[in-house]
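By convention in this document, chain letters (A, B, ...) are assigned in the order of the sequence lines, proteins followed by strands, and residues within each chain are numbered from 1.
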Amino acid sequence: MIPQHRRAFATGAREALGVPAAVLGAGFLGYGSLAADAGYPVWLTLAATVAIWALPGQLVLMEMQAGGAAAVATVLAVSLSAARFFPMTLTLMPLMRDGSSPRRLWQFLLAAQLVSMTTWAVAMRRFNEPDLKDLESRWHYFLGFSAVCIGSAALFAVIGQLLLGALPPLARFGLALLTPLYFFVTLVGEAQSRASITALVCGAAVALLLHAVAPGWSLLGAGFIGGTAAFMLQRVHARRH
Amino acid sequence: MPGATEIGLMVLACGLATYLWRGLGVLLSGRLNPQSAMFEWVSCVAYALVAGLIARIIVAPSGLLAQTALMDRLLACAVAFIAYRLARRNMFVGLVCGVAFFMVAGYVRSAIV
């Protein structure tokens with residue numbers, strides 16, 4: 001690595017080491033405790049974190065397995081919960097790659113695994129700033145930032161997993177509620193557009209209704225029915241105004 | 001709980017199913033418009049699915065949380081969100097307040113019964 005790139009990598013790592021790593025850590029601390037409760041061995045918690053690297057998908061997998069859902073439904077639901085990675089990667093990659101880039105396609109395909117809500121949001125904002133104007137600096141910044149994020153997530157997941165058994169019951173309940181709370185606050189806090197608010201309400205309503213009848217399919221149903229309803233309501237609304 | 005091999009394979013399958021979207025994004029970047037209606041729909045579906053997941057965990061949880069009171073879980077969500085907003089969107093303040101409220105509520109409940 002030439003010094004300029006090493007600097008970009010270090011900048012990325014340093015910037016991840018504050019709020020991003022800590023917020024992710026809180027989510028994964030709770031995930032680890034839920035994994036312990038679900039009977040996961042530590043290696044499985046780590047494998048899921050690295051292989052899926054999307055907390056919603058990891059939770060969907062855990063929830064649906066605990067409920068004894070069909071394998072096909074589970075994989076489909078996990079995949080759909082991550083569908084937003086498609087437009088995210090689509091918009092991120094051109095910022096690190098153009099005709100002049102010395103890097104090969106396979107390197108970008110590998111780096112795509114690092115894309116997450118946090119790494120994407122920070123990269124999209126930071127890549128506009130003057131110190132990250134060239135493609136190679138951005139590439140190294142992204143790797144540094146992502147490495148710290150995954151490291152923090154894995155570390156806190158293991159801590160959460162080991163901590164659960166050591167805590168008194170009351171604290172155990174608190175730890176188990178951490179990740180659901182984290183998502184509740186994130187989802188409700190970020191729902192700004194009419195489409196996302198409608199999707200939240202429709203998804204929650206469909207999931208709870210279907211849970212009573214067909215629990216193994218309630219999350220897929222929430223996605224397809226709730227999501228499509230929200231999408232269509234948004235279209236109708238947009239046409240009227 | 002199914003066997004370790006089976007769960008390991010499921011994790012792998014779910015990892016690949018998640019990666020699919022990331023990989024497609026690399027292969028098709030520059031060729032698709034991220035503002036198109038298809039992506040709007042995809043985003044709605046993913047959002048609704050995750051909302052459904054959280055609603056289900058909070059209202060009808062399995063495991064440890066199933067031993068706690070529904071009202072406490074709902075109130076903890078409200079407390080966490082209000083604290084988050086009052087603290088100018090600080091996630092830690094929200095989480096700490098929500099979890100603290102939940103534990104106090106659980107303690108009071110067990111002390112009364």
In terms of heavy-atom contacts, does [atom1] of [X] have more than 12 from other residues, nucleotides or ligands at under 6.0 Å?
X: A/Trp43; atom1: CH2; answer: yes
X: B/Tyr107; atom1: OH; answer: no
X: A/Arg103; atom1: CZ; answer: yes

If I measure from the heavy atoms of chain A, does [X] come under 4.5 Å with its side chain, its backbone, both, or neither?
X: B/Leu24; value: both
X: B/Met103; value: both
X: B/Ala100; value: neither
X: B/Arg31; value: neither
X: B/Ile58; value: side chain
X: B/Phe102; value: side chain

Which region of [X], side chain (C-beta onward) or backbone (N, CA, C, O), has a non-hydrogen atom less than 4.5 Å from a non-hydrogen atom of chain B, or is it both or neither?
X: A/Leu92; answer: neither
X: A/Ala111; answer: neither
X: A/Ala22; answer: both
X: A/Ala191; answer: both
X: A/Leu59; answer: both
X: A/Gln58; answer: neither
X: A/Leu170; answer: both
X: A/Trp53; answer: both

Open item on the list: Please output the residues of residues 80-87 of chain B in contact with chain A, using a heavy-atom cutoff of under 4.5 Å, in numerical order.
Closed with: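 When heavy atoms of chain A are the reference, residues 80-87 of chain B contributes B/Ala80, B/Phe81, B/Tyr84 within the under-4.5 Å range.
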TODO: Sort by residue number and list every member of residues 67-74 of chain B having a non-hydrogen atom under 4.5 Å from chain A.
DONE: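 Contacts with chain A: B/Gln67, B/Thr68, B/Arg73.
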I want to check something: taking the side chain as every heavy atom from C-beta on, are [X] and [Y] in contact at a cut-off of under 4.5 Å?
X: A/Leu109; Y: B/Leu27; result: yes
X: B/Thr18; Y: A/Phe85; result: yes
X: A/Ser218; Y: B/Arg56; result: yes

Shorter than 4.5 Å, heavy atoms on both sides: which option in [options] has the most such pairs with chain A?
options: B/Ile57, B/Val99, B/Val50, B/Leu65; value: B/Leu65
options: B/Ser43, B/Gly8, B/Gly106, B/Gly94; value: B/Ser43
options: B/Ala55, B/Ala48, B/Gly15; value: B/Ala48

Using a 4.5 angstrom heavy-atom cutoff, name the option from [options] with the most pairs to chain B.
options: A/Val60, A/Thr91, A/Val206; result: A/Val60
options: A/Ala222, A/Ala207, A/Gly226, A/Ala47; result: A/Ala222
options: A/Ala54, A/Ala176, A/Gly30; result: A/Ala176
options: A/Gly227, A/Ala229, A/Gly223, A/Ser196; result: A/Gly223
options: A/Arg97, A/Arg235, A/Met88; result: A/Arg235
options: A/Gly57, A/Gly68, A/Ala26, A/Ala71; result: A/Ala71

- [ ] Might you point out which heavy atoms bring A/Ala48 and B/Val11 nearest each other, and give the distance in Å?
- [x]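 Closest approach of A/Ala48 to B/Val11: CA-CG1, 3.6 Å.
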TODO: Provide the closest heavy-atom pair for B/Arg89 versus A/Gly189 in the form atom of the first, atom of the second, distance.
DONE: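 Scanning both residues, the minimum pair turns out to be NH1-O, 3.1 Å.
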Return a table of donor-acceptor pairs under 3.5 angstrom between the side chains of residues 72-84 of chain A and protein atoms on other chains or two or more places apart.
from, atom 1, to, atom 2, distance (Å)
A/Thr74, OG1, A/Ala70, O, 2.8
A/Ser79, OG, B/Ala17, O, 2.9
A/Ser79, OG, B/Trp21, NE1, 3.0
A/Ser81, OG, A/Val78, O, 2.7

- [ ] Answer yes if the ring centres of A/Phe86 and B/Phe39 are under 6.0 angstrom apart, and no otherwise.
- [x]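 Between A/Phe86 and B/Phe39, the centre distance is under 6.0 Å.
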Only pairs under 3.5 Å count here: list side-chain donor-acceptor contacts from residues 179-187 of chain A, not counting sequence neighbours, and write none if there are none.
from, atom 1, to, atom 2, distance (Å)
A/Thr179, OG1, A/Gly27, O, 2.7
A/Thr179, OG1, A/Tyr31, N, 3.0
A/Thr186, OG1, A/Tyr182, O, 2.5

Task: Under 3.5 Å: donor-acceptor pair, side chain of A/Asp37, backbone of B/Gly63 - done: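 No; zero donor-acceptor contacts below 3.5 Å.
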- [ ] Rounded to the nearest 0.5 Å, what's the gap from SG on B/Cys44 to CE on A/Met232? Could you check?
- [x]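 It comes to 11.5 Å.
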Open item on the list: Does the plane of the ring in B/Trp41 sit parallel, tilted or perpendicular to the ring in A/Phe224? Use 30° and 60° as the thresholds.
Closed with: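 Geometry flag for A/Phe224 against B/Trp41: tilted rings.
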